[in-house]
Amino acid sequence: MIITCKKDYPLTKSFPYSLEHLQVSFCKLARVDMRMLCLKRLQKLDLSSNHIKKLPKTIGDLVCLQELILHNNFLETFEVELCNSTLRNSLKSLDLSENKLKALPFQLCNFRELVSLKLDGNELVQLPFAIGKLSKLRFLSATKNKLPYLPNSFKTLVLENLDLFGNPFAKANPMVPDIQLKIPLTLLETASRATLTYRISYGPQVIPKHLCQDLSVAKTCDCGGPCLSSFIQTIVVMNLHQVSQTVVLVDSMGGTEAPIICYFCSLTCYSMFLDKYLQSTRV
C-alpha cells in the first residue's frame, strides 16, 4: 500500500492486517500511527517525508520488518530500546537520512543483519564506536554530517559502497597523541582488561550494572587488547579503499582518505606503532 497524499490517509478504517509493504509519505505525520504497529507481517515500512520527531518503542514489535525508511523527518534521537528489540534479528536496511540526529546509541550495532545504513544529512559528530561489529553491512552513507574522524572499529568493515562526502574531517597527526595512561594501572582497569582478555562471563547479577556498561564500550588497542580509562589516543589517516570496494570521493579535491581514531593500551604499543609510522613516511 502506498499513500503519498494526506487526503488519502485512512482516518476511520484500519490498515489491512496482511500488509507486507507500507509507504506513507508527504502526509505530515507528527508521530507513527499505532495502527501500523499491529501489522505483524510488515516487511517494509516507509515513513519518509513526514514530521516525525520520535519513534515509539513498539516499532520493535514488528518481528518481520526488514526495511525501515525514515528519510526526511524531524528525528532527534534513535531509541536504545529499538536496538535491543526483535529488530536485531530482522532489520536489513535502515534509512535515517535528512533528520536532526546528533548522536546514535552504540547499541545500534546490535543490528547484526543490517546490510544498508543511510545517515546522510544529519548533525552527527561521531559514528557508533562499535560500528565494525556490523559484519553484514555492505552499503554505508553518512554524507553532510559533522564527523571529525571515524571510530577505531571502522577499519574492520567490509563494504561494497561507502560515501562520506561533505564532512569536516580533522587533520590527522599521529605524532601528537592524547595520553590518558594511568601508571600503574588501577585495580579496576587491570580487572576489566583481564575480564575481556580471558572472556570471563559477567552480567548485572555478578557486577554492578554501570561496570557492565563500561566493559561493553571498552576500547581496542592496536595490539588487539582491551583498554577502558587508561590509554593513548591518536588520529591517523586511512585509505577508505581498505574497507570498501567503491568509495565516493571524500572531498572536492578527489580524496579517498579519512582520519580514524586509534587507541593504544600502553607506551610499548604506541612506540611500536610510531616506529612503523616513521618508517613508512621515510619510504
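In this chain, residues are counted from 1 in sequence order. Note: hydrogens, waters and symmetry copies are ignored here, and every other heavy atom, side chains too, is used.
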Between S230 and Q180, does a side-chain hydrogen bond (donor to acceptor under 3.5 Å, both in side chains) hold up when you go through it step by step? CA-CA 6 Å; S230 179; Q180 298 189 38; over 6 Å; no

Salt bridge (charged side-chain N to carboxylate O under 4.0 Å, His left out): pairs with one or both residues in residues 128-147, sequence neighbours excluded: E113-K136

Compile the donor-acceptor pairs under 3.5 Å between side chains in residues 268-276 and protein atoms, sequence neighbours left out, one pair per line.
{"from": "Y270", "atom 1": "OH", "to": "P174", "atom 2": "O", "distance (Å)": "2.8"}
{"from": "S271", "atom 1": "OG", "to": "L267", "atom 2": "O", "distance (Å)": "2.8"}

Rounded to the nearest 0.5 Å, how far does CG of L65 lie from CG of L37? 10.0 Å

Side chains of S49 and N72: donor-acceptor distance under 3.5 Å anywhere? yes

Quick check for you: to the nearest 0.5 Å, what is the distance between T256 atom OG1 and L164 atom CG? 11.0 Å

State plainly whether one hydrophobic cluster holds both I3 and L42, where clusters connect Ile, Leu, Val, Met, Phe, Trp and Tyr through side-chain heavy atoms under 4.5 angstrom apart. yes

Is V243 linked to I261 within one hydrophobic cluster, defined over Ile, Leu, Val, Met, Phe, Trp and Tyr using a side-chain heavy-atom separation of less than 4.5 Å? no

For residues 75-102, which residue pairs pass the salt bridge (charged side-chain N to carboxylate O under 4.0 Å, His left out) check, not counting sequence neighbours? K57-E81

Between D120 and K118, does at least one N-O distance fall below 4.0 Å, as a salt bridge requires? no

Would you say L278 ends up clustered with M238 if hydrophobic residues are merged whenever their side chains have heavy atoms under 4.5 Å apart, either directly or through other cluster members? yes

Ring pair (Phe, Tyr, Trp, His ring centres under 6.0 Å): pairs with one or both residues in residues 23-49, sequence neighbours excluded: none

Output all residues satisfying ring pair (Phe, Tyr, Trp, His ring centres under 6.0 Å) with F74, sequence neighbours left out; order by chain, then residue number. H51

Less than 3.5 Å apart, which donor and acceptor atoms pair up between the side chains of residues 199-221 and the rest of the protein, not counting sequence neighbours?
{"from": "S216", "atom 1": "OG", "to": "Q213", "atom 2": "O", "distance (Å)": "2.7"}
{"from": "K219", "atom 1": "NZ", "to": "L228", "atom 2": "O", "distance (Å)": "3.1"}

Interatomic distance, D46 atom CG to H71 atom NE2 [nearest 0.5 angstrom]: 9.5 Å

Under the side-chain hydrogen bond (donor to acceptor under 3.5 Å, both in side chains) rule, what do S25 and S48 come out as? Steps first, then yes or no, please. CA-CA 5 Å; S25 302; S48 57; 3.0 Å; yes

Rounding to 0.5 Å, atoms CE (M36) and CG (L22) come to a distance of 5.5 Å

Same cluster or not: are L55 and V24 linked, directly or through other Ile, Leu, Val, Met, Phe, Trp or Tyr residues, by side-chain heavy atoms under 4.5 angstrom apart? yes

